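These figures come from a predicted structure and were not determined experimentally. The figures here come from the full heavy-atom set of this structure, side chains too, leaving out hydrogens, waters and symmetry mates. As the structure lists them, so they are numbered: ligands from 1, and atoms in each ligand from 1. Position 1 is the first residue of the sequence; numbering continues from there.
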Amino acid sequence: MKTVRLRAAAKINLYLEILGVRPDNFHELVMVLQSIDLADTVTLRAAPTTGVRCSHPLVPTDRTNLALRAVEVLQKHTGIDEGVEIVIEKRIPVASGLAGGSTDAAAVLVGLNALWDLGLTQGQLQSLGAQIGSDIPFCVIGGTALAMGRGEVLSALPALQGVYLVLAKIADLQVSTAWAYQTYRREHLGAVAAPRARTSALLSAVASREVARIAPLLHNDLERAVLPAHPQVSALRERLAVAGALGAMMSGSGPSVFGLASDRAHAEAICAALAEDPSLELFVCQTQQAGILFAESQPSSLQISHE
Ligand code: ATP
C-alpha cells in the first residue's frame, strides 16, 4: 500500500502591514513570510475512506480540518474519488500565528499530487490552496517571499537561509486569527492606504541577508490588536529583547513571538534565559528555504486507524 510522508514547515512573519479592507471583505496585506524548520509531519496513505487523525486536542478531526479541505478541493478539481488516511504529528503550536493548519493543508496538496500521480504544477497546487486559505500558497512553496493581496500574491525574495531565532509561546494561550483582524479593523483601520516606506527598507535588509539590519525593521500591525488584550505576550516579547535578541516580534496573529539571533549559540543563550518559566513553549529554530519536504519513506508496518 502506498504511503507518503511529508514535513510541513511553519512560517513566521518578518513583516505584516494591513493596508485596508477590500471590496470582497478580505484585508489588503503586505507581508514578508519566512519558512522555519519547526514542522508537523503529515503521513498520507491510500485507504477506502478519507479521514484525519491528530493527537493534539485542539486540532479538529472533522471537515473543518484544513487537511481534509485540501483533499476535497483536490478531489473536486481532478474528479478522483479515492480515499486517503491522514495522520498529523503536530509540533507547530496551534492557533499561534505560525500557519500550522495551512501548512498541513499544503502538505496534503503536495503529497496527494505524488500519491495519486496527478502531475499538477506548483502553481496549480497554489491556486487550489488559495481556495482554502490565504497562507496556503506560500506554505506550498515556502522559503522567503513577499506576499500581497490577501496574502496569496507571492514574489520570491532572496533566500534567507540558516538564520537562527528563538520562538516563544505562552503554552495555554491561543489567539483566533479572525478575532485579531476584526479587532484591528474596528480600532485602527481606515481606507486602503499606500504601503509605508519601511516595507522597502525591510526588503533591502532581507536582500543584504544581514540579520542585524533586518532585526530593527521587523513590523507587525496586528500587535496593535493583540498586545493590549494580552499584555503577557507583550511582556514575553520584551523578555526576548532583554535576553539579547537582535529584534523581537509577534508572528502573524500571535500569540507566538520570535527573537532573531546572530548564530546558534546566541539563540541557545536567549532560550536558556527564558527556559525556567514553565508557562512557556520554547523552540530554537532556523530559517529554511522549503515549505513542504518529502520525508524518508514510511515502513509498511505503519498502523493508521480511524478513531
Ligand atoms: P495562521 O497563522 O494561518 O493564521 P494559526 O497558526 O494562527 O494560523 P492554526 O494553527 O492554523 O492557526 O489553527 C487555527 C485553527 O484552525 C485551530 O484552532 C483549529 O481549530 C483549526 N484547524 C483546522 N485544521 C487544522 C490543522 N490541520 N492544524 C491546526 N489547526 C487546525
Asker: Return yes or no for this condition: an N or O of L98 is under 3.5 Å from an N or O of ligand 1.
Answerer: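 Yes, L98 has an N/O under 3.5 Å of an N/O on ligand 1.
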Asker: Students should be able to answer this: which protein heavy-atom is nearest to atom 9 (P) of ligand 1, and at what distance?
Answerer: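 Atom 9 (P) of ligand 1 sits closest to the protein heavy atom A95 N, 3.5 Å.
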Asker: Could E85 and R45 be called an ion pair, given the rule that one side-chain N must be under 4.0 Å from one carboxylate O?
Answerer: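 Looking at E85 and R45, the cut-off is not met.
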Asker: Is any N or O atom of G254, backbone or side chain, closer than 3.5 Å to an N or O atom of ligand 1?
Answerer: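 No.
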Asker: What about V284 and V242, same hydrophobic cluster or not, with Ile/Leu/Val/Met/Phe/Trp/Tyr joined at side-chain heavy-atom distances under 4.5 Å?
Answerer: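 Hydrophobic grouping puts V284 apart from V242.
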Asker: As an exercise, identify every atom of ligand 1 less than 4.0 angstrom from a heavy atom of K90.
Answerer: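 Per the distance check, 28 (N), 29 (C).
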Asker: Mind running ring pair (Phe, Tyr, Trp, His ring centres under 6.0 Å) on H27 and Y181 for me, showing each step along the way?
Answerer: CA-CA 8 Å; H27 294 90; Y181 275 98; 5.0 Å; yes
Asker: Measure from atom 17 (C) of ligand 1 to every heavy atom in V94, T103, T61, I88 and give the option owning the shortest one.
Answerer: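 It is V94 whose heavy atom sits nearest to atom 17 (C) of ligand 1.
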Asker: Nearest protein heavy-atom contact for atom 11 (O) of ligand 1: which residue, which atom, what distance?
Answerer: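 Checked against all protein heavy atoms, atom 11 (O) of ligand 1 sits closest to G101 N, 2.8 Å.
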Asker: For ligand 1, which atoms have a heavy atom of S102 less than 4.0 angstrom away?
Answerer: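 Every atom of ligand 1 under 4.0 Å from some heavy atom of S102: 3 (O).
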Asker: Within 4.0 Å of atom 20 (O) of ligand 1 (strictly less), any protein heavy atom?
Answerer: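 Under the 4.0 Å cut-off, atom 20 (O) of ligand 1 does have protein heavy-atom neighbours.
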Asker: Record the part of Q174 in heavy-atom contact with ligand 1 below 4.0 Å; permitted values are side chain, backbone, both and neither.
Answerer: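 Looking at Q174 and ligand 1, no heavy atom falls under 4.0 Å.
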Asker: For ligand 1, note which part of I92 has a heavy atom under 4.0 Å away: side chain, backbone, both or neither.
Answerer: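 Near ligand 1, I92 shows nothing, with every heavy atom at 4.0 Å or more.
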Asker: Examine R150 relative to F26 and say whether NZ or CZ is less than 6.0 Å from the centre of the six-membered ring and inside a 45° cone about the ring axis.
Answerer: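 Yes, a cation-pi geometry.
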Asker: Can a non-hydrogen atom of R69 be found less than 4.0 Å from any atom of ligand 1?
Answerer: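 False for this residue.
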Asker: T41 and R91: side-chain donor and acceptor closer than 3.5 Å?
Answerer: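 The criterion, which ignores hydrogens and geometry beyond distance, is satisfied for R91 and T41.
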Asker: Please name all residues satisfying side chain to side chain contact (heavy atoms under 4.5 Å, CB included) with A180, sequence neighbours left out, ordered by chain then number.
Answerer: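 Counting only residues at least two positions away or on another chain, A180 forms a side chain to side chain contact (heavy atoms under 4.5 Å, CB included) with V175, L222, V226, S253.
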Asker: My understanding is that only residues two or more places apart in sequence, or in another chain, count here; which of them pass salt bridge (Lys or Arg N to Asp or Glu O under 4.0 Å) with D135?
Answerer: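 Testing D135 for salt bridge (Lys or Arg N to Asp or Glu O under 4.0 Å), a comparison that skips the adjacent residues, returns none.
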Asker: If you count the atoms of ligand 1 from 1 in the order shown, which ones are under 4.0 Å from a heavy atom of D135?
Answerer: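 Checking each atom against D135, I get 1 (P), 2 (O), 3 (O).
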Asker: Between E268 and R264, is there a salt bridge with N-O shorter than 4.0 Å?
Answerer: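 Between E268 and R264 there is a salt bridge, with a charged N closer than 4.0 Å to a carboxylate O.
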Asker: Using a 4.0 Å heavy-atom threshold (strictly under), name the region of H56 that reaches ligand 1: side chain, backbone, both or neither.
Answerer: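 No part of H56 is near ligand 1 at this cut-off.
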Asker: So, D277 and R239, do they make that salt bridge, N to O below 4.0 Å?
Answerer: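 Counted as a salt bridge, because a side-chain N and a carboxylate O are separated by less than 4.0 Å.
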Asker: Please test R7 against D37 for salt bridge (charged side-chain N to carboxylate O under 4.0 Å, His left out), starting from the C-alpha separation and ending with a verdict.
Answerer: CA-CA 9 Å; R7 281 175 56 79; D37 63 357; over 6 Å; no
Asker: Please check whether V59 reaches ligand 1 - meaning an N/O of the residue sits under 3.5 Å from an N/O of the ligand, judged on distance alone.
Answerer: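 Between V59 and ligand 1, no N or O pair is found under 3.5 Å apart.
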Asker: For atom 6 (O) of ligand 1, find the nearest protein heavy atom and state the residue, atom name and distance (0.1 Å precision).
Answerer: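 That would be A99 N, 2.8 Å.
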Asker: Return the residue, atom name and 0.1 Å-rounded distance of the protein heavy atom closest to atom 24 (N) of ligand 1.
Answerer: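 The answer is L66 N, 3.0 Å.
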Asker: Decide whether the shortest distance between a heavy atom of G252 and an atom of ligand 1 is less than 4.0 Å.
Answerer: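 It does not; every heavy atom stays at 4.0 Å or beyond.
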Asker: Which one holds for D104 and ligand 1: side chain close, backbone close, both close, or neither close, with close meaning a heavy atom under 4.0 Å?
Answerer: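 Answer for D104: side chain.
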Asker: List every atom of ligand 1 that sits less than 4.0 Å from any heavy atom of G97, numbering the atoms from 1 in the order shown and giving each element.
Answerer: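 Listed by number with element, the hits are 2 (O), 5 (P), 6 (O), 7 (O).
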Asker: Hey, is T177 touching ligand 1 through its side chain, its backbone, both or neither, going by heavy atoms under 4.0 Å?
Answerer: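 Looking at T177 and ligand 1, just side chain atoms fall under 4.0 Å.
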Asker: Are any side-chain N or O atoms of T78 and backbone N or O atoms of L74, one a donor and one an acceptor, separated by less than 3.5 Å?
Answerer: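 Yes: the side chain of T78 pairs with the backbone of L74.
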Asker: With a 4.5 Å heavy-atom cut-off, do I12 and L98 have their side chains touching?
Answerer: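 Side-chain contact under 4.5 Å: yes.
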Asker: Would you say P60 touches ligand 1, if touching means a heavy atom closer than 4.0 Å?
Answerer: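 Contact present.
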Asker: For atom 15 (C) of ligand 1, decide whether some protein heavy-atom distance is shorter than 4.0 Å.
Answerer: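 Answer no: nothing from the protein, no heavy atom, is under 4.0 Å.
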Asker: How close does the nearest protein non-hydrogen atom get to atom 23 (C) of ligand 1, and which residue and atom is it?
Answerer: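 Minimum-distance protein heavy atom for atom 23 (C) of ligand 1 reads T64 O, 3.4 Å.
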Asker: Taking atom types as modelled and ignoring hydrogens, do the side chains of Q289 and T144 form a donor-acceptor contact shorter than 3.5 angstrom?
Answerer: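 There is such a pair between these side chains.
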Asker: Show the atoms of ligand 1 that are less than 4.0 angstrom away from any heavy atom in S96.
Answerer: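 In order of numbering, the contacting atoms are 5 (P), 6 (O), 7 (O).
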Asker: Does the side chain of Q182 come under 3.5 Å of the side chain of Y184 through a donor N or O and an acceptor N or O?
Answerer: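 The criterion, which ignores hydrogens and geometry beyond distance, is not satisfied for Y184 and Q182.
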Asker: Look only at interatomic distance and state if V175 has a nitrogen or oxygen under 3.5 Å from any nitrogen or oxygen of ligand 1.
Answerer: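 N/O-N/O distance below 3.5 Å does not exist for this pair.
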Asker: Looking at E187, I want to see if its CD is surrounded by more than 12 non-hydrogen atoms of other residues, nucleotides or ligands under 6.0 Å.
Answerer: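 For E187, atom CD is crowded (more than 12 foreign heavy atoms under 6.0 Å).
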